[in-house]
Asks: 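Quick one: the structure is below, questions incoming.
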Amino acid sequence: MREIINAIAIAITLGLSGVAAADAADNPKPKPAHTEARNVVLVHGAWADGSSWAEVIPLLQAAGLSVTAVQNPLTSLADSVAETRRALALQDGPTVLVAHSWGGTVISEAGTDPKVTSLVYVAARAPDAGEDFVALSAEFPAGPVRAGIQVNDGFSRLSEDSFLKYFANGVAPRQAKILYAVQEPTAAIIFGGRTSEAAWHSKPSFYAVSKQDKTINPDLERFLAKRMNATTVEIDAGHLSLVSHPKEVADLILAAAGR
C-alpha cells in the first residue's frame with residue numbers, strides 16, 4: 001500500500017511540474033519593476049540631429065535629471081549603436097534610454113546595457129531581434145512623407161515640402177524650417193538594418209504614440225506599444241511630438257525614471 005501511495009504522489013508531483021512548465025511557457029516572466037533613474041540618454045532619429053530634443057531637455061534638467069543627447073551619426077545601425085553605447089558608458093548609474101523615430105531601432109539593440117533601467121519610445125520603431133521591419137511596416141499604410149525622400153550618393157534627405165508638411169506637421173513654421181535646415185543626411189541602408197537583440201523584452205518600456213503622425217503610421221506605433229506591453233500615452237501631435245508637445249514627452253520620460 002505504501003508503494004502505491006508513493007507512486008501516486010510521484011505522479012501527482014510530475015503532473016504539477018508539467019502544468020507549471022506549460023504555464024511558464026504560455027506566461028513569460030514579467031519584466032522587472034523599473035528602478036528610479038538619475039540619468040537620461042536621448043537618441044534622435046533619421047533626418048534630424050540632437051537639437052530635436054531641445055524643448056524636452058530643460059524640462060528633464062529642471063526635474064534634477066542629468067541629460068545627454070547622442071549625436072547619432074546615421075551612417076549605419078552599427079555606428080549609431082556604438083555612439084549610443086559610448087554615451088551610456090559615461091553615465092554614473094541608472095539611466096533611462098529614450099529614442100525618437102528610427103532611433104528606436106538603436107535603443108532596442110543598445111538597451112540591454114546594464115545601466116539602462118527603462119526604455120522610452122517616442123513615435124519610434126521598436127523591432128524584434130532579427131525582424132524585417134520594412135516588411136512589418138508594409139502591413140500598414142505608408143505615410144505621405146515617403147514621397148519626399150531624396151537619395152544622393154547613398155544618403156537620403158527629405159525635400160523641404162515633405163519635411164514641413166508631413167515630418168514636422170504641428171510644429172510652428174519658423175521652428176520647422178530651422179529643423180529642416182539642420183536635418184542630418186541619413187544613409188539609405190539603415191532602414192533595412194536588423195537588430196540582434198530587442199531590449200524591450202527584458203526592460204520596462206514606455207511608448208508615446210503620435211496620433212497625427214504622417215511619417216510612421218499611428219496604428220503601427222500602437223501595434224509596437226502593445227507588443228512590448230509598454231506603458232502607453234497618445235499625444236495629439238505629428239511625428240515630432242518631442243518638439244510640438246515637449247511636456248507630454250518629458251512627463252513620460254519622468255515616469256520611466258520613477259519621478
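Model, not experiment: these values are computed from the prediction. This chain uses plain numbering: 1 for the first residue, then up along the sequence.
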Asks: Starting from W102, can I reach L136 by hopping between I/L/V/M/F/W/Y residues whose side chains sit under 4.5 Å apart?
Replies: yes

Asks: Return yes if some donor-acceptor pair links the side-chain N/O of K115 with the main-chain N/O of L88 below 3.5 Å, else return no.
Replies: yes

Asks: Using side-chain contact (heavy atoms from CB on, under 4.5 Å), reason through I149 and S162 one step at a time and then give a plain yes or no.
Replies: CA-CA 8 Å; I149 297 175; S162 189; over 6 Å; no

Asks: Does one hydrophobic cluster hold both F140 and M228, with members joined at side-chain heavy-atom distances below 4.5 Å?
Replies: yes

Asks: What are the two closest heavy atoms between A37 and P94, and how far apart are they?
Replies: CB-O, 3.5 Å

Asks: Go through H44 and L74 one step at a time and tell me if the side-chain contact (heavy atoms from CB on, under 4.5 Å) criterion holds.
Replies: CA-CA 9 Å; H44 66 81; L74 300 175; 3.9 Å; yes

Asks: Checking T95 side chain against G93 main chain: does a donor-acceptor pair fall under 3.5 Å?
Replies: yes

Asks: Check S52 against V243 and note the closest heavy-atom contact, atom names and distance.
Replies: O-CG2, 3.6 Å

Asks: Is there a side-chain contact between I216 and S101, using heavy atoms and a 4.5 Å cut-off?
Replies: yes

Asks: Any carboxylate oxygen within less than 4.0 angstrom of a Lys/Arg side-chain nitrogen, looking at E131 and R227?
Replies: yes

Asks: Please evaluate residues F133 and L220 with respect to the criterion side-chain contact (heavy atoms from CB on, under 4.5 Å), reporting the C-alpha separation (whole Å), side-chain torsions for both, the decisive distance (0.1 Å), and the verdict.
Replies: CA-CA 11 Å; F133 199 84; L220 173 56; 4.2 Å; yes

Asks: Any donor and acceptor pair, going by atom type alone, linking the side chain of K203 with main-chain N or O of V116 inside 3.5 Å?
Replies: yes

Asks: Determine whether L158 and V151 fall in the same hydrophobic cluster, where Ile, Leu, Val, Met, Phe, Trp and Tyr are linked whenever their side-chain heavy atoms lie under 4.5 Å apart.
Replies: yes

Asks: Out of curiosity, L254 CG to F206 CZ, how far, rounded to the nearest 0.5 Å?
Replies: 11.0 Å

Asks: Could you report the tightest heavy-atom contact between S210 and G238, atom names first, then the distance?
Replies: OG-O, 2.9 Å

Asks: Look only at the side chain of T195 and the backbone of A198, and say whether a donor-acceptor pair between them is shorter than 3.5 Å.
Replies: no

Asks: Would you say the side chain of R38 lies within less than 4.5 Å of the side chain of D92, judging by non-hydrogen atoms?
Replies: yes

Asks: So which atom in I235 and which in E248 form the shortest heavy-atom distance, rounded to 0.1 Å?
Replies: CD1-CB, 3.7 Å

Asks: Can any side-chain N or O of H100 pair as donor or acceptor with the backbone N or O of H239 at less than 3.5 Å?
Replies: yes

Asks: Give me the one residue out of I57, D251, L60, V56 that meets side-chain contact (heavy atoms from CB on, under 4.5 Å) with P246.
Replies: V56

Asks: Are the side chains of L42 and L242 in contact, using a 4.5 Å heavy-atom criterion?
Replies: no

Asks: Can you tell me if D128 and H201 form a side-chain donor-acceptor pair at under 3.5 Å?
Replies: yes

Asks: Does the side-chain contact (heavy atoms from CB on, under 4.5 Å) test come out yes or no for L224 and Y207, once each step is laid out?
Replies: CA-CA 9 Å; L224 297 171; Y207 201 107; 4.2 Å; yes

Asks: To the nearest 0.5 Å, tell me how far T75 OG1 sits from I190 CD1.
Replies: 8.5 Å

Asks: Just by modelled atom types, is the Q212 backbone N or O under 3.5 Å from a matching donor or acceptor in the N169 side chain?
Replies: yes

Asks: Under 4.5 Å between side-chain heavy atoms, hopping through other hydrophobics if needed: is there a path connecting L179 to F155?
Replies: no

Asks: What closest approach, in Å, do V120 and I107 show between heavy atoms, and which atom pair accounts for it?
Replies: O-CD1, 3.6 Å

Asks: According to salt bridge (charged side-chain N to carboxylate O under 4.0 Å, His left out), does anything in residues 167-195 pair up with another residue at least two apart or in another chain? List the pairs.
Replies: D132-R194

Asks: Tell me every residue that passes salt bridge (Lys or Arg N to Asp or Glu O under 4.0 Å) with R222, counting only those two or more places apart in sequence or in another chain.
Replies: D219, E234

Asks: Do any pairs count as a side-chain hydrogen bond (donor to acceptor under 3.5 Å, both in side chains) and have a residue in residues 142-160, sequence neighbours left out, and if so which ones?
Replies: W47-S156

Asks: Partners of S196 by side-chain contact (heavy atoms from CB on, under 4.5 Å), sequence neighbours excluded?
Replies: E109

Asks: Is any side-chain heavy atom of Q183 less than 4.5 Å from a side-chain heavy atom of F167?
Replies: no

Asks: If you measure from OG1 on T215 to CG on L240, what distance do you get to the nearest 0.5 Å?
Replies: 7.0 Å

Asks: Quick one: does R259's side chain have a donor or acceptor within less than 3.5 Å of a partner on L65's backbone?
Replies: no

Asks: With sequence neighbours excluded, what pairs up with S66 under the side-chain contact (heavy atoms from CB on, under 4.5 Å) test?
Replies: N39

Asks: Measuring only between side-chain heavy atoms, which start at C-beta, is L97 closer than 4.5 Å to L119?
Replies: yes

Asks: So, using side-chain contact (heavy atoms from CB on, under 4.5 Å) as the criterion, who are the partners of T68 when residues are at least two apart?
Replies: V41, A87, Q91

Asks: Could you grab the distance from atom OG of S137 to atom CG of N217, nearest 0.5 Å is fine?
Replies: 9.0 Å

Asks: Ignoring hydrogens and geometry, is there a side-chain-to-backbone donor-acceptor pair from N72 to S80 under 3.5 Å?
Replies: no

Asks: Where do E83 and Q71 come nearest, in terms of heavy atoms and distance?
Replies: CG-O, 3.7 Å

Asks: Would a single hydrophobic cluster contain both I253 and L59, if residues Ile, Leu, Val, Met, Phe, Trp and Tyr are joined by side-chain heavy-atom contacts under 4.5 Å?
Replies: no

